[in-house]
Protein chains: 2
Amino acid sequence: METITLKKISEVLGLSISTISRALKNHPDISENTKRRVHELADALDYEPNINAINLRAKKNRVFGLIVPSISGFFYDSFISAIEEECRANAYSLMILQSSNDAAIEINSLHICRQNRVCGLFACLTTETKSLVAFDKFNEADIPLVFFDKVPEETKYNKICIADEKAAKQAAELLQKNNKKHILAIFGNENLSITRTRFKAFQKVISTEKDVTIYNEYCNDSDIAKKITKKHFAKKETPAAIFCMSDDILIGVMKCLNELKISIPSEVAVIALSDGFLPKIYTPEITYIETSGYKLGKLSFTKMLSCINGNTDTEELFITTPLVKGGSL
Amino acid sequence: METITLKKISEVLGLSISTISRALKNHPDISENTKRRVHELADALDYEPNINAINLRAKKNRVFGLIVPSISGFFYDSFISAIEEECRANAYSLMILQSSNDAAIEINSLHICRQNRVCGLFACLTTETKSLVAFDKFNEADIPLVFFDKVPEETKYNKICIADEKAAKQAAELLQKNNKKHILAIFGNENLSITRTRFKAFQKVISTEKDVTIYNEYCNDSDIAKKITKKHFAKKETPAAIFCMSDDILIGVMKCLNELKISIPSEVAVIALSDGFLPKIYTPEITYIETSGYKLGKLSFTKMLSCINGNTDTEELFITTPLVKGGSL
DNA sequence: AATAGCTTTGCAAACGTTTGCACAAATGTT
DNA sequence: AACATTTGTGCAAACGTTTGCAAAGCTATT
């Protein structure tokens with residue numbers, strides 16, 4: 001079936017294209033009678049305006065780009081979900097690109113975004129990203145750029161983050177308050193700034209007490225977290241509490257504890273930083289500091305809108321990280 | 001910074017727009033010298049072609065629409081991930097819309113897709129979808145339409161599905177083989193064809209045996225699944241095996257079993273249909289029939305490409321559903 | 001020296017909108 | 001009856017590309 005355009009409608013009705021255009025937008029210049037006829041025909045023919053033409057003419061798009069290391073997972077999918085909700089509510093569209101943690105793909109994604117003339121870009125850096133020049137082009141072109149989660153260190157960018165420092169501190173203080181003296185703390189990839197921040201904040205609190213034994217470990221996935229946990233429970237003196245920096249780590253730790261039939265919280269306490277989904281499926285539910293991808297998405301979008309509306313000062317914003325009590329501590 | 005167009009480049013070089021256009025595409029008509037100059041300047045100025053203009057001129061887009069009930073979850077996020085990978089590999093873009101299981105939002109999403117002149121649509125129906133007329137418009141406009149997961153019953157559509165019948169049958173047979181006589185089978189939303197198919201296939205196998213007691217239940221979320229399980233374990237005679245039609249249901253069931261400290265598989269066996277992530281985090285790992293969102297995405301994309309390439313016959317395709325043995329049966 | 005055939009470039013139309021401006025017809029004012 | 005105003009509509013340009021066709025400047029052939 002041929003596509004319906006303003007021209008088609010104008011030919012059928014014997015009116016000019018401009019009259020059709022105005023009638024469809026209920027322009028006051030057009031008579032009620034004409035408006036009615038135009039609307040009726042447009043409905044009957046299922047007219048849908050061609051966004052490409054509109055964008056070209058207007059020199060602006062209502063599409064956001066979103067670059068994320070991976071769509072699946074507990075965190076980014078919630079983030080994307082939040083962004084999509086807001087896009088819909090504000091009549092924007094969303095173009096999603098996965099970087100797969102590969103700097104070359106990231107560059108490619110940036111090109112795609114620029115060719116599509118996105119009106120704004122949400123980006124989460126890969127662990128490999130060395131140079132930000134491709135991102136700087138967005139600033140030069142006055143396209144709002146909002147980094148989230150994995151963000152650059154420079155202050156000249158908008159950054160929406162988990163309050164990593166505060167979150168790690170909260171967890172540490174909770175362990176302190178519960179008088180846990182022998183602690184196994186498992187962190188993620190050592191190269192990530194997010195890991196370093198969480199690590200430092202955690203240590204800072206813990207180190208204030210003299211009689212605490214702390215074992216710090218790093219790992220990249222669940223399996224390694226599991227092995228690390230196993231190793232520590234093979235020792236004579238076993239941990240009284242385990243701190244998990246992420247969901248991935250929590251999975252490995254729980255797998256080990258369940259296999260060894262170590263009961264929580266009587267034999268060992270567990271606390272995690274988490275999006276919130278996983279802690280709730282365990283029994284007892286795991287106590288965690290919430291690092292919500294959904295909230296991060298909402299905040300990122302708010303910042304984006306303020307950029308679109310002309311707010312030019314860059315800022316770093318944090319989402320709150322409430323403590324959610326389970327039965328694991 | 002002003003945007004760079006072919007016109008800008010042509011003015012700087014004192015050539016016509018058409019020459020620039022051809023030079024950038026390495027058209028044989030253009031001299032090597034001119035090509036070199038044009039490419040150099042375009043690179044220096046960071047020229048990015050305007051996709052809107054290209055699409056308008058060409059009357060075609062390279063964007064797919066993807067309508068999904070929800071982005072987050074175990075299943076759809078993997079599906080989306082697979083589609084995005086293929087889009088990138090084939091130089092398409094992807095526009096994602098969440099229907100939130102709301103028929104009105106679904107209709108809205110369809111409009112957005114048509115306005116954006118998507119070159120193809122992947123769609124998963126909401127549980128509320130009554131009418132398919134809005135979808136039919138894609139067929140009328142010769143826009144390839146590929147339904148996945150939750151699909152309509154009519155044969156006139158392309159449908160990419162889990163082999164629901166086979167998967168449910170496999171699970172049932174496995175229970176049979178293991179001599180489970182008292183079975184609790186929990187299914188999802190009763191309105192969905194996917195539920196009905198799984199239900200029927202499951203019953204068909206189970207009903208071949210005379211001495212089997214089966215309790216069929218339906219539910220919409222984890223919490224209800226949990227309550228249902230609890231109810232059945234309050235009875236005098238408790239189930240010997242539980243069949244979970246989906247991950248959501250598995251979560252509720254496991255929560256209940258763990259709270260009641262019912263041990264698996266000695267007191268009760270568990271088998272699920274699942275994407276595969278969840279079953280692996282439990283101890284023992286849950287035996288499941290794999291229903292992979294990722295695989296579904298890959299197959300859906302393949303079908304879409306064949307549609308784009310002119311294949312007009314509609315078909316229903318299935319992904320394989322291997323059995324993955326855990327320790328729960 | 002005239003013609004034919006390349007090589008290289010430019011012109012102009014088209015894709016589907018929106019919008020400033022002009023204009024015609026109808027109405028109102030003296 | 002002449003003029004001013006209002007009301008409704010159309011013309012044409014512009015957004016940034018692509019592409020069929022024409023044409024200008026060559027070289028080669030006769």
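Only a predicted model underlies this, so the values are computations on that prediction, with no experimental measurement involved. To find a chain, count down the sequence lines: A is the first, B the second, and so on, and within it residues start at 1.
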Whole-Å distance separating the [atom1] atom of [X] from the [atom2] atom of [N]:
X       : N      : atom1 : atom2 : answer
A:Lys35 : D:dG8  : NZ    : C1'   : 11 Å
B:Arg37 : C:dT8  : CZ    : P     : 14 Å
B:Glu32 : C:dT9  : CD    : C1'   : 15 Å
A:Ile9  : D:dG10 : CD1   : P     : 14 Å
A:Leu13 : D:dG8  : CG    : C1'   : 15 Å
A:Ile30 : D:dT6  : CD1   : P     : 18 Å

Open item on the list: Report for the helix from C:dA1-D:dT30 to C:dT30-D:dA1: angle between first-end and last-end helix axes, five pairs each, rounded to 10 degrees.
Closed with: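 Result, rounded to 10 degrees: 70°.
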- [ ] Quick one: closest heavy-atom pair of A:Leu125 and A:Pro152, and the distance?
- [x]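 Where A:Leu125 meets A:Pro152 most closely, the heavy atoms are CD1-N, 3.5 Å.
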TODO: Scan residues 21-32 of chain A for pairs that pass side chain to side chain donor-acceptor pair (under 3.5 Å), counting only residues two or more places apart or in two chains.
DONE: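 For residues 21-32 of chain A: A:Ser31-A:Thr34.
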Residues which pass side-chain hydrogen bond (donor to acceptor under 3.5 Å, both in side chains) with [X], listed by chain and number, not counting sequence neighbours:
X        : value
B:Asp102 : none
A:Thr314 : none
A:Lys35  : none
B:Ser99  : none

- [ ] State which residues pass ring pair (Phe, Tyr, Trp, His ring centres under 6.0 Å) with B:Phe74; sequence neighbours excluded, sorted by chain then number.
- [x]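 In terms of ring pair (Phe, Tyr, Trp, His ring centres under 6.0 Å), with neighbours along the sequence ignored, B:Phe74 is linked to A:Phe277.
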Task: ring pair (Phe, Tyr, Trp, His ring centres under 6.0 Å) involving B:Phe138 - partner list, sequence neighbours excluded - done: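 So B:Phe138 forms no ring pair (Phe, Tyr, Trp, His ring centres under 6.0 Å) with any residue.
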Task: Pair listing, ring pair (Phe, Tyr, Trp, His ring centres under 6.0 Å) test, anchored in residues 81-106 of chain A, at least two apart - done: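 For residues 81-106 of chain A: A:Phe64-A:Tyr92.
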Open item on the list: For a quick check, with a 4.0 angstrom heavy-atom cut-off, what is the B/S/- contact string for nucleotides 14-24 of chain D, read 5' to 3'?
Closed with: BBBBBBB----
Between the protein and nucleotides 25-27 of chain C, are there any N/O to N/O pairs under 3.5 Å, and if so, what are the atom names and distances?
none

TODO: Check step by step if ring-ring contact (aromatic ring centres under 6.0 Å, His included) holds for B:Phe122 and B:Phe147.
DONE: CA-CA 6 Å; B:Phe122 299 95; B:Phe147 285 102; over 10 Å; no
Task: Contacts of B:Asp149 that satisfy salt bridge (Lys or Arg N to Asp or Glu O under 4.0 Å) - sequence neighbours left out - done: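 Testing B:Asp149 for salt bridge (Lys or Arg N to Asp or Glu O under 4.0 Å), a comparison that skips the adjacent residues, returns none.
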